[in-house]
Amino acid sequence: MFNKRTKIKALLATEPAGQEVTVMGWVRTFRNNQFIALNDGSTNQNLQVVAALGLLDDETLKRITTGTSLKVVGELVVSQGKGQKSEVKAVSIEVLGDCDSEQYPLQLKNRPSLEYLREIAHLRFRTNTFGAVFRIRHSLAFAIHKFFNDKGFIYLHTPVITASDAEGAGEMFRVTTLPFDNPPRNDDGSINFKEDFFGKSTNLTVSGQLEGELAAMAFSDIYTFGPTFRAENSNTTRHLAEFWMIEPEMAFYDIEDNMNLAEEFIKYLIGYVMSNNREDLVFLAQRLADEEKQLPQDKRSEFGLIEKLIFVQSNAFERITYTEAIDILLNSSHYKKKKFQYEVKWGIDLQSEHERYLVEKHFKKPVIVTGYPAAIKAFYMRMNDDGKTVAAMDILAPGIGEIVGGSQREERYNNLVERMEAMHVPVEEMQWYLDTRRFGSVPHAGFGLGFERMVQFVTGMTNIRDVIPFARTPKNCEF
RNA sequence: UCCUCAGUAGCUCAGCUGGUUAGAGCAUCUGACUGUUAAUCAGAGGGUCACUGGUUCAAGUCCAGUCUGAGGAGCCA
């Protein structure tokens, strides 16, 4: 009958009137042999459980240490102490699971570092910081489904295993059942994938977009939200080998509609978290402010976390073309003082330093850049009338960089084939994709939002490994 | 993958231009106290100085390599 218990979040929201309650959770601290700070993950707030002197025998008292799980039955009463409104006066306390304090690595008074907590990712959920981060991560995931559901989008499950490596979005993880010490080979020595499980070479998906486009050509509006895999040897604060991505795809949308949707989407997500995870945001904002106090003045951010979110939510994103972006960079004093490490000229891919200058120094808010040179963008992006640029859009966020990448898709069969050939994409293997352009093709567009980057942006966590429960990065696949 | 920095007690760190038995705070353990808020007070235990090799009378400290981590770059979401 565990279901009779009340969660601490609900309990703290009710008026204390001496009513009997059952609570269960894990001990955060045990003060003065009397006061147990109990947490069950429903909220960052701890519940104070008071074990009156004499209630417990010495044996039981000794078992109550940080990390121990308890079942407490008692009365919800007005607290006599100052730190909390209400508390539970225990009638009985049962130890559900002991926690050996000599072995338990999470003594919270030690202020463990984020790096250390990553090594004990199975326990870090029990900290205030990660409690807040993962409750917000959940809220964002829920808000994503709500946003699209309310707009009549279909949630499409695109495959995790794919045969196409055509998108060129990065290095892929191979999926195979062939013995790697002695695989079957062709006469020329290459591996014979006809013998493999699927009868061809297969990989983990790097994007669900192409499949998403197929469904959009029937449902009008779809979105995907699933895991994505990139085998890049990236060691940065914003890359993972396994991450989650949201990819909406909309028929009868042009690049303008696409930008409008993406901006509305991001603002909606921020608004949702601000009204549903206030307490967690306040905690993270405080954490961030404390952390920034350690930094030299010029490295501190202008806004607190919540001010930043309000600002982003209530101001229009700046929209500029790639060509305008290059002009801004070329005319900047930063450029004239030769402070950019990389060359700036039309045709280059914008470097991190360029994006950061535009977003953090020049506009100081999210920027949507459109109209990139065709040569530096993917084959499926729609060629503009100038014949040089494509209808691509990247949304750059302060502190994170590229958070959204999208485009209007090339819906004209001949133009698409031409682009594929120019970029050496195997046309024959992609006929299933090209067929959508043969049978009732329509203008359409879509984008990809990096879920973890969005969680980073909202929580202010600076390392992407701290916003996913179990991070997969080069040389790290624990748990 | 490249560049830079780091690895000393369970955690966070100090340890100077190489020199006796490697320190602190917190945690842990023992005891005291008992309306505490990261409870407090007293005492105790706790170390392969990442690993391998080298230089030296002598290495936590200097050198080389390896591993791991962090930050930045590239790739991108």
Side-chain angles (χ1 to χ4, degrees), chain A residues 28-37 45-54 61-62 65-67 77 79-84 87 89 99-120 127-128 167-171 206-209 225-247 262 299 341-342 349-356 376-378 394-397 400-406 447-457 462-468 471 473-476 478:
Chain A
R28 282 288 174 85
T29 65
F30 185 22
R31 291 182 295 267
N32 220 344
N33 265 4
Q34 273 185 91
F35 304 98
I36 301 165
Q45 307 284 354
N46 297 328
L47 174 72
Q48 173 152 292
V49 172
V50 185
L53 292 175
L61 272 178
K62 280 194 174 174
T65 60
T66 301
V77 296
S79 178
Q80 292 175 37
K82 287 213 174 77
Q84 56 283 315
E87 65 192 20
K89 203 171 129 192
C99 184
D100 183 347
S101 44
E102 279 189 77
Q103 309 251 336
Y104 191 52
L106 246 194
Q107 299 296 343
L108 297 176
K109 276 169 77 172
N110 277 335
R111 297 281 160 107
S113 65
L114 295 176
E115 290 83 6
Y116 171 66
L117 291 170
R118 262 173 236 155
E119 292 170 18
I120 50 167
T127 64
N128 284 331
E167 213 213 338
E171 293 296 308
V206 292
S207 164
Q209 179 202 317
F225 183 8
T228 309
F229 308 88
R230 305 267 168 96
E232 302 285 351
N233 193 4
S234 298
N235 292 289
T236 76
T237 53
R238 54 190 189 284
H239 288 89
L240 292 164
E242 177 184 288
F243 63 99
W244 289 64
M245 185 156 64
I246 300 99
E247 296 180 288
K299 292 249 173 115
Q341 198 187 331
Y342 290 87
D349 210 349
L350 295 177
Q351 303 289 319
S352 278
E353 58 173 355
H354 304 142
E355 295 182 349
R356 276 218 306 279
I376 59 171
K377 287 291 181 182
D394 282 358
I395 301 185
L396 311 174
I400 311 281
E402 186 177 339
I403 195 165
V404 162
F447 61 85
L449 172 79
F451 183 53
E452 282 76 18
R453 289 187 184 175
M454 189 66 203
V455 180
Q456 273 188 280
F457 186 73
T462 51
N463 193 314
I464 199 165
R465 291 158 217 176
D466 294 328
V467 298
I468 189 165
T473 52
K475 299 283 184 291
N476 177 19
E478 283 301 306

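Chain naming here is simple, since letters A, B, ... match the order of the sequence lines and numbering starts at 1 in each.
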Read 5' to 3' with Watson-Crick or G-U pairs under 3.5 Å, [ ] for crossing pairs and | for partners on another strand, RNA chain B gives (((((((..((((.....[...)))).(((((.......))))).....(((((..]....))))))))))))....
Once side-chain hydrogen bond (donor to acceptor under 3.5 Å, both in side chains) is applied, do any residues pair with A:T237, and if so which ones, sequence neighbours excluded?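 For A:T237, no residue satisfies side-chain hydrogen bond (donor to acceptor under 3.5 Å, both in side chains) once neighbours in sequence are set aside.
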Contacts of A:T65 that satisfy side-chain hydrogen bond (donor to acceptor under 3.5 Å, both in side chains) - sequence neighbours left out: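 So A:T65 forms a side-chain hydrogen bond (donor to acceptor under 3.5 Å, both in side chains) with A:T68.
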request  = Please name all residues satisfying ring-ring contact (aromatic ring centres under 6.0 Å, His included) with A:F451, sequence neighbours left out, ordered by chain then number.
outcome  =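 Applying ring-ring contact (aromatic ring centres under 6.0 Å, His included) to A:F451 gives A:F225.
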inquiry  = If you go through the side-chain atoms of A:S234, does one of them form a donor-acceptor pair with the base of B:C75 closer than 3.5 Å?
reply    =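 Looking at the base of B:C75, it does pair with a donor or acceptor on the side chain of A:S234 (distance under 3.5 Å).
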Q. Does any N or O donor sit under 3.5 Å from an N or O acceptor when you compare the side chain of A:R111 with the base of B:C13?
A. no
What integer number of Å spans the [atom1] atoms of [N] and [M]?
| N | M | atom1 | answer |
| --- | --- | --- | --- |
| B:A38 | B:C2 | P | 47 Å |
| B:G74 | B:C3 | P | 16 Å |
| B:C75 | B:U17 | P | 41 Å |
| B:U28 | B:A64 | C1' | 39 Å |
| B:A24 | B:A39 | P | 23 Å |
| B:A22 | B:A58 | C1' | 16 Å |
| B:A50 | B:C11 | P | 13 Å |

Under 3.5 Å, N/O pairs linking protein and nucleotides 66-72 of chain B:
{"residue": "B:A70", "atom": "OP1", "partner": "A:R118", "partner atom": "NH1", "Å": "2.6"}
{"residue": "B:A70", "atom": "OP1", "partner": "A:R465", "partner atom": "NH1", "Å": "2.7"}
{"residue": "B:A70", "atom": "OP2", "partner": "A:R465", "partner atom": "NH1", "Å": "2.7"}
{"residue": "B:G71", "atom": "OP1", "partner": "A:N463", "partner atom": "ND2", "Å": "3.1"}
{"residue": "B:G71", "atom": "OP2", "partner": "A:N463", "partner atom": "ND2", "Å": "3.1"}
{"residue": "B:G72", "atom": "OP2", "partner": "A:T237", "partner atom": "OG1", "Å": "3.3"}

At 4.0 Å (heavy atoms only), tell me whether [X] reaches a base, stays on the sugar-phosphate, or touches nothing.
| X | value |
| --- | --- |
| A:Q351 | sugar-phosphate |
| A:Q456 | nothing |
| A:P112 | sugar-phosphate |
| A:F243 | base |
| A:G450 | sugar-phosphate |

Side chain proximity check, [X] to [Y], heavy atoms < 4.5 angstrom:
| X | Y | answer |
| --- | --- | --- |
| A:L117 | A:L106 | yes |
| A:V49 | A:F35 | no |
| A:R230 | A:F243 | yes |

Phosphate-side-chain proximity, [X] and [N], N/O vs OP1/OP2 below 4.0 Å:
| X | N | value |
| --- | --- | --- |
| A:S113 | B:U12 | yes |
| A:T29 | B:U36 | no |
| A:R31 | B:A39 | yes |
| A:Q48 | B:U37 | no |

Only counting residues at least two apart or in another chain, list the ones meeting salt bridge (Lys or Arg N to Asp or Glu O under 4.0 Å) with [X].
| X | answer |
| --- | --- |
| A:R238 | none |
| A:D466 | A:R118, A:R124 |
| A:E452 | A:R137 |
| A:K89 | none |

Anything under 3.5 Å between a protein N or O and an N or O of nucleotides 3-8 of chain B, put it in a table, one pair a line.
none

Assert: residue with more 5' nearest nucleotide on RNA chain B, out of A:N233 and A:L53, is A:N233
By nearest heavy atom, map A:L108 and A:M245 onto RNA chain B; which one lands nearer the 5' end?
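Closer to the 5' end of RNA chain B: A:L108.
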Exercise for the section: May I have the distance from A:E353 (atom CD) to B:A73 (atom P), rounded to whole angstrom? Expected result: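 So the CD-P distance, A:E353 to B:A73, works out to 9 Å.
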Atom pairs, N/O to N/O, protein against nucleotides 22-29 of chain B, distance under 3.5 Å?
{"residue": "B:C26", "atom": "O2'", "partner": "A:K109", "partner atom": "O", "Å": "3.4"}
{"residue": "B:C26", "atom": "O2'", "partner": "A:N110", "partner atom": "OD1", "Å": "3.2"}
{"residue": "B:C26", "atom": "O2", "partner": "A:N110", "partner atom": "OD1", "Å": "2.7"}
{"residue": "B:A27", "atom": "OP1", "partner": "A:K109", "partner atom": "NZ", "Å": "2.4"}
{"residue": "B:A27", "atom": "O4'", "partner": "A:N110", "partner atom": "OD1", "Å": "3.2"}
{"residue": "B:U28", "atom": "O3'", "partner": "A:S101", "partner atom": "OG", "Å": "3.3"}
{"residue": "B:C29", "atom": "OP1", "partner": "A:S101", "partner atom": "OG", "Å": "2.6"}

Handout entry: side chain to side chain contact (heavy atoms under 4.5 Å, CB included) partners for A:A231, two or more places apart
Key =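 Residues passing side chain to side chain contact (heavy atoms under 4.5 Å, CB included) with A:A231: A:E171, A:F173.
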Aromatic stack A:F451/B:A77: centroid gap under 5.5 Å, interplanar angle under 30° = no
